[in-house]
2 protein chains.
Amino acid sequence: MSLRHALLALLTVTPMTGYDLSKAFQASVSHVWHAPDSQIYPELRRMEADGLLVGTEVPWGPRGKKREYHVTAAGLTAFRAWMNEPLSYTRERDPAHLRAAYLEWAEPDAARAQLRAHRANYAERRDEWLEKVREIDTGTSAMLEKRLAHAPASEHAAIRAYKRYTYEGLIARAEHEIEWAERGLALVDQLNGGDPTRTDAAAPA
Amino acid sequence: MSLRHALLALLTVTPMTGYDLSKAFQASVSHVWHAPDSQIYPELRRMEADGLLVGTEVPWGPRGKKREYHVTAAGLTAFRAWMNEPLSYTRERDPAHLRAAYLEWAEPDAARAQLRAHRANYAERRDEWLEKVREIDTGTSAMLEKRLAHAPASEHAAIRAYKRYTYEGLIARAEHEIEWAERGLALVDQLNGGDPTRTDAAAPA
DNA sequence: GCGAACTATCTATGGGGATAGTTAGCTGAC
DNA sequence: GTCAGCTAACTATCCCCATAGATAGTTCGC
């Protein structure tokens with residue numbers, strides 16, 4: 001049920017169409033939440049039916065039109081209620097670590113390729129998130145500035161701080177994953193490439 | 001399709017029944033992969049139909065019986081093939097970070113409760129994983145020792161090292177999450193002028 | 001010999017999400 | 001003036017997984 005709350009979070013900033021939301025999920029908010037349009041449009045209709053949103057037809061060109069969704073008072077209440085609820089932590093499902101635990105079954109080169117992919121994946125994300133932090137600091141984040149424009153000045157510091165806090169956490173996590181992949185690459189080399197005394201030394205007592 | 005490979009991974013160690021696998025997913029392997037029995041039993045039957053496993057009826061008491069699954073040559077091939085394939089990194093869905101980005105919407109006490117729950121959750125897991133590392137080092141991990149018994153001595157170092165590497169990565173990640181939650185708690189205090197619940201006996205009005 | 005706790009397996013239902021494909025209008029460059 | 005590329009919205013299908021519950025046999029202590 002988190003897609004609903006992710007949508008509410010975005011729509012509290014500014015009214016948007018399904019298309020806008022789909023773009024937002026691909027870009028700015030991606031890596032915190034992600035959803036294809038085929039989930040977004042039906043969910044928006046369901047949310048409107050539940051009274052959390054109202055959709056208004058907006059003309060678009062001579063004949064075209066689009067549907068812009070606004071959060072209702074009920075929607076705001078629901079969002080606040082969710083924000084105050086405890087999160088449920090489900091058991092993790094971690095393909096990368098599942099693999100790592102059985103990495104002796106992989107060819108050394110395949111193992112290396114996987115660890116490099118892991119590193120590359122998180123390096124890319126880290127760079128994206130670093131860019132986000134830069135945008136927050138320089139006031140060039142469109143969504144954040146819109147949010148600030150609709151919020152009282154007394155809350156600006158908190159809004160900025162929590163956004164920054166979120167991305168800093170993601171960056172630190174990405175850096176941990178990169179480091180972990182690098183230790184893995186060293187381990188693969190040590191177990192396969194190097195000299196046999198080294199390999200023995202790798203065995204923990 | 002990773003449940004299938006998680007099951008193969010476990011069954012390469014030793015033949016097991018659906019019930020054994022269900023227990024294994026709840027205990028040892030949990031937090032790397034998890035699945036309820038209602039997924040495991042049908043998947044095992046599908047895997048047998050696909051020729052990856054063979055199931056043999058084993059008597060259990062005077063009238064009872066159970067079905068023990070063994071990995072076939074085709075199953076081993078499939079597992080090795082999967083281990084050599086690159087992993088696909090799907091976009092993340094991270095409720096905790098989604099929340100953090102909009103934490104100004106939550107009551108300060110609710111925000112604190114969430115961050116404490118985050119910390120407690122990862123602290124618990126970290127302790128479980130530390131215990132796993134201890135088991136690996138002291139040779140008291142039943143699964144690992146069974147695995148080693150079936151593997152040539154030349155591979156023992158690698159098997160132990162990859163297992164340890166996996167859990168070390170999980171531990172480091174947990175420690176990062178704990179640290180992040182603590183920075184969050186400090187931030188909430190800073191933005192709200194201190195934590196009123198911290199000095200509960202002499203809380204100022 | 002009875003009940004409690006455990007072992008063992010299976011079914012049903014529904015939600016969430018991935019992937020792919022369809023339809024239609026708009027905009028701007030060439 | 002038309003074609004490519006974008007904006008906008010919707011549909012269909014399949015898989016994975018979560019939750020709940022049904023059924024039956026076993027073991028062991030009292």
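Remember, it's a predicted structure, so these values are computed and weren't measured experimentally. All chains are named by letter (A, B, ...) in the order of the sequence lines, taking the proteins before the strands, and each is independently numbered beginning at 1.
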Q: Base, backbone or nothing for each nucleotide of nucleotides 3-8 of chain C, written B, S, -, heavy atoms under 4.0 angstrom, 5' to 3'?
A: ----BB

Q: Measure the distance from CD on Glu43(B) to C1' on dC10(C) and round it to the nearest whole Å.
A: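 Answer to the nearest Å: 15 Å.
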
Q: Phosphate oxygens OP1/OP2 of dC10(C): is one of them under 4.0 Å from a side-chain N or O of Arg45(B)?
A: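 So the side-chain polar atoms of Arg45(B) do come within 4.0 Å of the phosphate oxygens OP1 or OP2 of dC10(C), strictly under.
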
Q: Looking only at atom types and distance, does a side-chain atom of Asn192(B) sit under 3.5 Å from a main-chain N or O of Asp189(B), one as donor and one as acceptor?
A: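 Answer holds: no.
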
Q: Looking only at the side chain of His34(B) (C-beta and beyond, no hydrogens), which of the listed nucleotides dA9(D), dT11(C), dA18(D) gets closest?
A: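 Within the option list, the nearest is dA18(D).
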
Q: If we ignore hydrogens and angles and just use 3.5 Å, is the side chain of Asn121(B) paired with the main-chain N or O of Tyr89(A) as donor and acceptor?
A: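 No, the answer is negative, given that no donor and acceptor are paired below the 3.5 Å cut-off.
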
Q: CD of Glu57(A) versus C1' of dA8(D): gap in Å, rounded?
A: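 About 11 Å, once rounded to whole Å.
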
Q: Write down the distance between CD (Gln39(B)) and C1' (dT13(C)), rounded to a whole number of angstrom.
A: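 It works out to 14 Å between those atoms.
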
Q: Which residue lies toward the 5' end of DNA chain C, Asp37(B) or Arg93(B), if each is placed at its nearest nucleotide?
A: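 Here Asp37(B) is the residue nearer the 5' end.
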
Q: Quick one: Phe25(B) CZ to dC17(D) C1', roughly how many Å, whole number?
A: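 For the pair Phe25(B) CZ and dC17(D) C1', the rounded distance is 13 Å.
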
Q: Below 4.0 angstrom, N of the basic side chain to O of the carboxylate: do Asp94(A) and Arg173(B) qualify?
A: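 Result for this pair is yes, salt bridge flagged.
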
Q: Pick base, sugar-phosphate or nothing for Ser38(B), based on heavy-atom distances below 4.0 Å to the nucleic acid.
A: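 Base, at least one base heavy atom under 4.0 Å.
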
Q: May I ask you to decide whether Arg160(A) forms a salt bridge with Glu104(B), counting only side-chain N to carboxylate O separations under 4.0 Å?
A: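 Salt bridge absent between Arg160(A) and Glu104(B).
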
Q: Does Arg93(A) use its side chain to pair, donor to acceptor, with the backbone of Trp33(B) at less than 3.5 Å?
A: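 Looks like no, no N/O pair under 3.5 Å.
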
Q: Describe the nucleic acid contact of Arg46(B) in one word from base, sugar-phosphate, nothing, applying a heavy-atom distance below 4.0 Å.
A: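 It contacts nothing in the nucleic acid.
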
Q: Could you check how far CG of Leu44(A) sits from P of dG16(C), rounded to whole Å?
A: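 For the pair Leu44(A) CG and dG16(C) P, the rounded distance is 14 Å.
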
Q: Return no unless some side-chain N or O of Arg4(B) is found under 4.0 Å from OP1 or OP2 of dC16(D).
A: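 Answer no for this pair, as no side-chain N or O of Arg4(B) is under 4.0 Å from OP1 or OP2.
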
Q: Rounding to an integer number of Å, can you tell me how far Leu21(A) CG sits from dC10(D) C1'?
A: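 Going from CG in Leu21(A) over to C1' in dC10(D) covers 15 Å.
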
Q: Between P on dT11(C) and CD1 on Ile40(B), what's the gap in Å once rounded to a whole number?
A: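 Taking CD1 of Ile40(B) and P of dT11(C), I get 15 Å after rounding.
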
Q: Can a cation-pi geometry be assigned to Arg99(A) and Trp105(A), taking NZ or CZ under 6.0 Å from the six-membered ring centre and within 45° of the ring axis?
A: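 Because its charged atom misses either the 6.0 Å distance or the 45° angle limit, Arg99(A) does not stack over Trp105(A).
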
Q: Salt-bridge test for Arg45(B) and Glu48(B): reply yes if a basic N is under 4.0 Å from a carboxylate O, no otherwise.
A: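 No salt bridge links Arg45(B) with Glu48(B).
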
Q: Please report, rounded to the nearest Å, how far the C1' atom of dA8(D) is from the CD atom of Glu68(A).
A: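 Whole-Å distance recorded here is 13 Å.
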
